[in-house]
Amino acid sequence: MSFEHCQGLLAIWNDVAPGRESDFEHWYQAEHLPERLAVPGFRLGRRWEALTGQPQHFCCYLVDEPDVLSSAAYMDRLNNPTPWTRRIMSEAFQNMTRSACSLVASGGSARGAMCVVARFSEAMNEAVLTASIGKWGMVPGIARWEMWRAVPTDIAEEERLRGGDVRIAGCVLVETLRLREAELACGELAGAAGIDRQPGIYQLLCARVRAGT
């Protein structure tokens with residue numbers, strides 16, 4: 001399966017403790033992304049950084065199905081972190097939000113350089129949102145939109161190291177080519193019912209695809 005057909009998403013937001021940015025970046029690029037993309041069912045990992053909004057960092061992994069995020073292989077990784085991961089998780093991560101999600105609806109076939117992220121702390125009105133944002137697939141400069149519903153996950157060792165994570169009820173991601181379209185989408189999503197904060201605009205830092213995908 002290629003990542004275009006993925007039905008599961010792991011969405012992660014966090015800040016980094018002052019003075020730990022260099023160690024955090026080195027760990028993410030040298031160990032964490034390759035490790036996660038080696039888990040069966042993981043297809044694409046992308047890291048983003050906030051241009052507007054908080055937290056500073058947003059990372060998402062596309063997986064074949066939501067069940068991948070409770071699989072034995074993935075749980076083994078979460079419950080047996082490397083020494084480097086233990087140090088980063090316990091010392092560098094701040095304001096962590098993490099949720100596994102299932103795809104509700106999507107439109108568009110490209111990927112963008114910008115991503116508008118709207119997080120929901122209450123159940124989304126999926127029909128209303130789909131009708132509202134479904135038209136964006138025809139707007140020049142908007143590459144793709146996705147609506148995701150959170151699914152339950154168990155608490156694992158990595159989360160304990162971070163001191164516990166916040167969960168969301170769902171999220172909407174809108175990928176755009178340029179900042180002006182991102183600002184348009186951000187404004188339209190800002191008043192959605194159940195949103196937990198102002199939508200953020202994130203710029204792509206890097207992407208890593210599973211070997212053979």
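The analysis underlying the following values was restricted to heavy atoms, covering all of them including side chains, and did not include hydrogens, waters or symmetry mates.
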Q: Are Glu175 and Arg144 close enough for a salt bridge, meaning some N to O gap below 4.0 Å?
A: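 Salt bridge absent between Glu175 and Arg144.
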Q: Do Leu204 and Phe58 have side chains that get closer than 4.5 Å, going by heavy atoms?
A: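 Of all side-chain heavy-atom pairs linking Phe58 with Leu204, none is under 4.5 Å.
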Q: Which residues pass the ring pair (Phe, Tyr, Trp, His ring centres under 6.0 Å) test with His57, not counting sequence neighbours?
A: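 For His57, the residues satisfying ring pair (Phe, Tyr, Trp, His ring centres under 6.0 Å) (neighbours in sequence not counted) are Phe24.
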Q: Closer than 3.5 angstrom, by distance alone: can the side chain of Thr52 be matched with the main-chain N or O of Ile201 as a donor-acceptor pair?
A: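 Yes: the side chain of Thr52 pairs with the backbone of Ile201.
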Q: Could you state the interatomic distance from CG (Asp64) to CZ (Arg210), rounded to the nearest 0.5 Å?
A: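 These two atoms lie 8.5 Å from each other.
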Q: So do the side chains of Val63 and Val39 get within less than 4.5 Å of each other, counting heavy atoms only?
A: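 No. Closest side-chain heavy atoms not under 4.5 Å.
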Q: Rounded to the nearest 0.5 Å, how far does CD1 of Ile88 lie from CG of Asp23?
A: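 So the gap between those two atoms works out to 3.5 Å.
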Q: Within the distance-only criterion (no hydrogens, no angle test), does the side chain of Thr97 pair as donor or acceptor with the backbone N or O of Trp13 below 3.5 angstrom?
A: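 Flag not set: sc Thr97 to bb Trp13 has no pair under 3.5 Å.
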Q: Can you list everything that forms a ring pair (Phe, Tyr, Trp, His ring centres under 6.0 Å) with Phe120? Sequence neighbours excluded, please.
A: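 Phe120 satisfies ring pair (Phe, Tyr, Trp, His ring centres under 6.0 Å) with no residue once adjacent residues are dropped.
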Q: I'd like to know if the side chain of Glu21 and the backbone of Gly19 have a donor-acceptor N/O pair within less than 3.5 Å.
A: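 Looks like yes, one N/O pair under 3.5 Å.
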Q: Would you say the side-chain atoms of Ser132 pair up with the backbone N or O of Leu129, donor to acceptor, closer than 3.5 Å?
A: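 No; zero donor-acceptor contacts below 3.5 Å.
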Q: Could you verify whether a donor N or O on one side chain and an acceptor N or O on the other, from Thr85 and Glu158, lie under 3.5 Å apart?
A: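 On atom types as modelled, these side chains do not qualify, holding no pair under 3.5 Å.
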Q: From the options Arg87, Glu35, Glu31, select the one residue that forms a side chain to side chain donor-acceptor pair (under 3.5 Å) with Thr82.
A: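 Between Thr82 and the candidates, side chain to side chain donor-acceptor pair (under 3.5 Å) is satisfied uniquely by Glu31.
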Q: Taking the cut-offs as 6.0 angstrom to the six-membered ring centre and 45 degrees off its axis, would you call Arg36 and Tyr61 a cation-pi pair?
A: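 No; the conditions do not both hold, so Arg36 does not lie above the ring face of Tyr61.
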Q: Using the rule that two of Ile, Leu, Val, Met, Phe, Trp, Tyr join whenever any of their side-chain heavy atoms come within less than 4.5 Å, decide whether Val116 and Leu184 are in one cluster.
A: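 Not linked; separate clusters.
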